[in-house]
2 protein chains.
Amino acid sequence: MRSTGDLTASALIRDAAMRLFADRGTAAVSVRDIAAEAGVSPSLVIHHYGSKDALKDAVDQHVMQFFGDMIAEFVDASAADLGAAANSSTLAARLGDGPFLRYLRRLLVDGGPAAERLFRSLYDMSREMVRRYEQAGVFKPSSDEGARAAVLLVNDLGVILLRDQISAVVGVDPLGPDGLVRWSQAVLDLYANGLMTSPGDDRAND
Amino acid sequence: MRSTGDLTASALIRDAAMRLFADRGTAAVSVRDIAAEAGVSPSLVIHHYGSKDALKDAVDQHVMQFFGDMIAEFVDASAADLGAAANSSTLAARLGDGPFLRYLRRLLVDGGPAAERLFRSLYDMSREMVRRYEQAGVFKPSSDEGARAAVLLVNDLGVILLRDQISAVVGVDPLGPDGLVRWSQAVLDLYANGLMTSPGDDRAND
DNA sequence: CGCCCGGCTGAACGAGTGTGCAATAATCGG
DNA sequence: CCGATTATTGCACACTCGTTCAGCCGGGCG
């Protein structure tokens, strides 16, 4: 019942479930697995959350709360100073190696109402960002702000979703300390200069 | 045993498994579900593939073959004419609404050796594309071709991974007939012109 | 015709699943 | 200290899982 530094049992269970769900997917994790990971009995898991589905809902809500707070904080900070906090680097660094990003991946791919609400929040944030930057003259005006915001959002989320693949194949974790600067530079170069020699050219991408 | 128009039973089972795996994830699909979807008995599934894991391997291999062929064809076509076939639009349109893209999503997120091989193929394709375009003078030279190729690849795959979320929130399927042109225009505009007013400016993204 | 043989099925088994329940251990107010 | 409330557990039940196996059924071949 105490809310001190060490976690309560139900929080322990929730965090264990979050880790396992993120790594293996919800269906591949049993209540007994969660109990073992949390160091408690399977009965306690049910006693605290009622059912496995309810536990999943609690984990979803917890993750949503986390990202909701992060988004709000980020929007506020960028309202005060458009340039300072407004880059993905600090965001990603702050997220650290916690299980939140890995859970976010499952959440977005598995879908569901919670995922849709979260994605809507992120998209709204992206739109607001684009609007501010365009108004401030940092971004060129766009004929399709919605699409531009979506493309930028997909760019950021794509790194999170494909992090493991990129790490394995490219050889550098794009969200690690070293890979992050390399990735940011490539993205910044793209955003600042584009990549084609003749502006307004015909189509060409991979 | 025949390879005519209507599929053989084992191919029927494989396709049913691919659909269900893509939609719900491997662990959430039972052999009985697959059998029902394919219209056969559960025993026949095991009889043809030995086990559920082996069936999943067969599905993986089938999908890998499909994308391998597509990649090879795409590289060949773009070698002949750099501009004509070298856009994602035709690729996505050719993939259509088949289950391959949905399965690709699960494959990339669940990881595993097959996914890593596929991602490596895609990354190699992206690198080769970037190299050709830079050499042809279509792309500006880059200080980090690897990172540039990775960013472009993530951009394309991100749309596939987040397709459902984008459809639900933005309101347009980015791989549908109408959404594709809107999405392509936004991406093309980004690639051609960048989005910041002062090239080489300081950091700014969402 | 009889035979057999590969595709296919239904029933069954053991293991593992989520969950309910009674009993035990811990904690706290009096 | 004691009673009570809460946290926690072991056990059991019903069910589903993947998988096995004996047998059915239709068609090609002697």
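Per chain, numbering begins at 1; letters A, B, ... match sequence-line order.
- Under the salt bridge (Lys or Arg N to Asp or Glu O under 4.0 Å) criterion, A:D57 pairs with no residue, sequence neighbours left out.
- Taking atom CG on B:L44 and atom P on D:dC25, their separation rounds to 17 Å, with Å as the unit.
- If you check every strand for non-hydrogen atoms under 4.0 Å, B:H48 touches sugar and phosphate atoms only.
- B:D23 is linked by a side chain to side chain donor-acceptor pair (under 3.5 Å) to B:R102, counting only residues two or more places apart in sequence or in another chain.
- Distance B:Y49 OH to C:dG7 P: 13 Å, rounded to the nearest Å.
- Listed by first then second residue, pairs satisfying side chain to side chain donor-acceptor pair (under 3.5 Å) with a partner in residues 35-54 of chain B read B:R19-B:E37, not counting sequence neighbours.
- What separates CD1 of B:I34 from P of D:dC17 is a distance of 11 Å, to the nearest Å.
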I'd like a table of donor-acceptor pairs (distance under 3.5 Å, sequence neighbours excluded) in which one partner is a side-chain atom from residues 113-123 of chain A, with atom names and distances.
residue : atom : partner : partner atom : Å
A:S121  : OG   : A:R117  : O            : 3.2
A:Y123  : OH   : A:G146  : O            : 3.1

Q | Under 4.0 Å protein heavy-atom contacts per nucleotide of nucleotides 12-21 of chain C, with B for base, S for backbone only and - for none | A | B----BBBB-
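- Considering only residues two or more places apart in sequence or on other chains, B:K56 meets the side chain to side chain donor-acceptor pair (under 3.5 Å) condition with B:D60.
- Two residues are said to be in side-chain contact when any heavy atoms from C-beta on lie closer than 4.5 Å; A:V75 and A:M125 meet this criterion.
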